[in-house]
Amino acid sequence: MATKVVRRHTNRPERSVYARPAGGPSKTVCAFWAAGRCTREFCRFLHSDAPPSSMNPQISKKSSLVWTKEGTATGKGNACNAPQKSNAPQKSNAPQKINAPHESNAPQKSNAAQKSNPTVKNVCKFWVDGNCVKGDRCLYLHNWFRGEGFSMLAKLQGHTKAVTGIALPERTNKLYSTSKDGTARVWDCHTGECGSVIDLGGEAGSLISEGPWVFAGVPNLVKVWNTETNSEFNLDGPVGQVHAMVVGNEMLFAGTQNGDICVWKGSTETNPPFYPAASLKGHTGAVVCLTVGRNRLYSGSVDHTIKVWDLYNLQGVLTLNGHSGAVMSLLCWDQFLLSCSLDDTIKVWAATEGGGLEVTYTHNEEQGVLDLAGMTDAESKPILLSSCNDNSVRIYELPSFTERGRLFAKQEVRTVEVGPGGLFFSGDATGLFSVWKWMDAPAVKVESS
């Protein structure tokens, strides 16, 4: 008969080694503490690391968005207003809070090691799977986010595949999401519960809203709903999956798998109230991102290029060739165009005197970048949300690209969206849909003389 050998743990202090006092005045970090196994009650070496400066020395510390050529910036210029990605509405009657309870059992406070060591940046993969045995001795995060000034409001589970779009139509308390599982879900903003599930008939590639209209891109067509009249219809014309959409100058643009951009104009005299206006050709690969700004339409493609189109005559103006990988997301912010790519970079473009666009700053990541969204925090500082394919979302303060925090997921976050009142959303490849919010700015104390 086989016998099991029971190993008994040696007697150790009950307090975590990371919670013990540093002891002496030494400026050297304890190597045993760093490895999680210092047993001295009063160690003469440091049990903490000095927080590294994430400020890029080539960028001004001021908050205004003014870059100059190749990695420098000035503090001049006006602070920018928060943009909305994919033409998400600037104003909405959606409630400022989502009161749904967390569906995750993840602790909301970091473990002791994380409190003492601010250099911890990555989530524990074993904790994500629910089987980390190190507890407080683990050198990695046991939390779904790192950083201060924002919090998680809810985790909404229902989709069975990657979330591909999030939208908040105006004058409604509903939140829409689409997924590669072929469904659109409608969530109640008060309770966080899914009120209805819409069968799209195919994998959803994108989702946006404009006023009361909701547009969902699926293979070979765009599905349209009006949240006020409850009407719905389809727009034909796309060839292949519709990966991206945006509204500009009273027109709907849809980027497709075959590299074309389908265009419909709105009309009160036709039924349905949209009719085909043009098909923009020029990309040699699928168009996966679109944005509108300064009377221009910008399109990014897997062919590594960004094309610029005149928003009035729908003619091509420029082709930008700065990326060496698929261009995954575009964002117009103030007088700048931001682009991200699978080549592990985020690029900042600015207008030249000759009317062109040139790269004025390149931010390098360790991973490919999937999506960008811009907003302001509770103190009106410009914030960039950058989703990378290492299952995380970086939160940067602009223009310095100082990292303010990081969100984590079980799989890569395919879409990031901004809402009203400091809300923002992330949807990952597992189908999980998370709701976040910037906390209120601290009150300013005024002392009377």
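Along the sequence shown, residues carry numbers from 1. Side chains included, hydrogens not; waters and symmetry mates left out as well; all remaining heavy atoms used.
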Between Thr345 and Thr362, do the side chains contain an N or O donor and an N or O acceptor separated by less than 3.5 Å?
no
State whether the side chain of Ser339 and the backbone N or O of Leu330 hold a donor-acceptor pair below 3.5 Å, judged by distance alone.
no
Hey, are Trp436 and Ser426 close enough side-chain-wise for a donor-acceptor pair under 3.5 Å?
yes
Between Ser324 and His304, a side-chain donor and acceptor under 3.5 Å:
no
I'd like to know if the side chain of Asn389 reaches the main chain of Gly368, judged simply by a donor and an acceptor atom lying under 3.5 Å from each other, with no hydrogens or angles considered.
yes
Between Thr256 and His243, do the side chains contain an N or O donor and an N or O acceptor separated by less than 3.5 Å?
no
Between Arg414 and Asp428, does at least one N-O distance fall below 4.0 Å, as a salt bridge requires?
no
What are the two closest non-hydrogen atoms of Thr360 and Ala350, and how far apart are they?
CG2-CB, 3.6 Å
List the atom of Cys340, the atom of Leu372, and the distance in Å for their closest heavy-atom pair.
SG-CG, 3.7 Å
Please check if any side-chain donor atom of Lys307 sits under 3.5 Å from a side-chain acceptor atom of Thr319, or the reverse.
yes
With a 4.5 Å cut-off on side-chain heavy atoms, are Phe401 and Ile346 touching?
yes
Pair Arg394 + Asp390, salt bridge at N-O below 4.0 Å:
yes
So, does Ser179 use its side chain to make a donor-acceptor pair with the main chain of Ala162 at under 3.5 Å?
yes
Do Asp181 side-chain atoms and Thr160 backbone N/O form a donor-acceptor pair below 3.5 Å?
yes
Beyond-backbone contact of Phe425 with Val418, side-chain heavy atoms, under 4.5 angstrom
no
Using a 3.5 Å distance criterion without hydrogens, assess whether the side chain of Ser301 forms a donor-acceptor pair with backbone atoms of Gly285.
yes
Under 6.0 Å between ring centres, would you say that holds for Trp349 and Tyr361?
no
To the nearest 0.5 Å, what is the distance between CG (Leu314) and CH2 (Trp309)?
9.5 Å
Of all the heavy-atom pairs spanning His190 and Asn173, show the shortest one and how long it is.
CD2-ND2, 3.4 Å
Regarding Glu148 and Arg404, does a basic nitrogen lie under 4.0 Å from an acidic carboxylate oxygen?
no
Given Glu250 and Lys265, is the salt bridge (charged side-chain N to carboxylate O under 4.0 Å, His left out) satisfied, shown in steps?
CA-CA 6 Å; Glu250 298 184 349; Lys265 284 190 176 181; over 6 Å; no
Please evaluate residues Ser329 and Asp371 with respect to the criterion side-chain hydrogen bond (donor to acceptor under 3.5 Å, both in side chains), reporting the C-alpha separation (whole Å), side-chain torsions for both, the decisive distance (0.1 Å), and the verdict.
CA-CA 5 Å; Ser329 184; Asp371 202 8; 3.1 Å; yes
For a quick test of reading the model, state the closest non-hydrogen atom pair linking Pro219 to Gln241 and the distance between them.
N-OE1, 3.3 Å
Can you find a side-chain donor-acceptor pair between Trp225 and Ser231 that sits under 3.5 Å?
no
State whether the side chain of Ser209 and the backbone N or O of Trp213 hold a donor-acceptor pair below 3.5 Å, judged by distance alone.
no
So which heavy atom on Trp187 is nearest to which on Ser177, and how close?
NE1-OG, 2.9 Å
For the side chain of Asn321 and the backbone of Thr305, is there at least one donor-acceptor N/O pair under 3.5 Å apart?
no
Locate the shortest heavy-atom distance separating Ser299 from Ile261; write the atom from each residue and the value.
CB-CD1, 3.6 Å
Donor-acceptor contact below 3.5 Å, side chain Asn249 vs main chain Met251
no
Trp264 and Phe215: ring pair (Phe, Tyr, Trp, His ring centres under 6.0 Å), yes or no, with the steps?
CA-CA 12 Å; Trp264 294 269; Phe215 306 92; 8.8 Å; no
Got Ile166 and Leu175 here, is their nearest side-chain heavy-atom distance under 4.5 Å?
yes
Please determine whether a side-chain nitrogen of the Lys or Arg among Lys223 and Glu232 lies less than 4.0 Å from a carboxylate oxygen of the Asp or Glu.
no
Go through it in stages, so that I can follow the logic: the residues are Thr227 and Thr172, the test is side-chain hydrogen bond (donor to acceptor under 3.5 Å, both in side chains), and I'd like the CA-CA distance, side-chain angles, deciding distance and then a yes or no.
CA-CA 8 Å; Thr227 59; Thr172 178; 5.5 Å; no
Treating Ser341 as the side-chain partner and Gly325 as the backbone partner, does any N or O pair qualify as donor plus acceptor under 3.5 Å?
yes
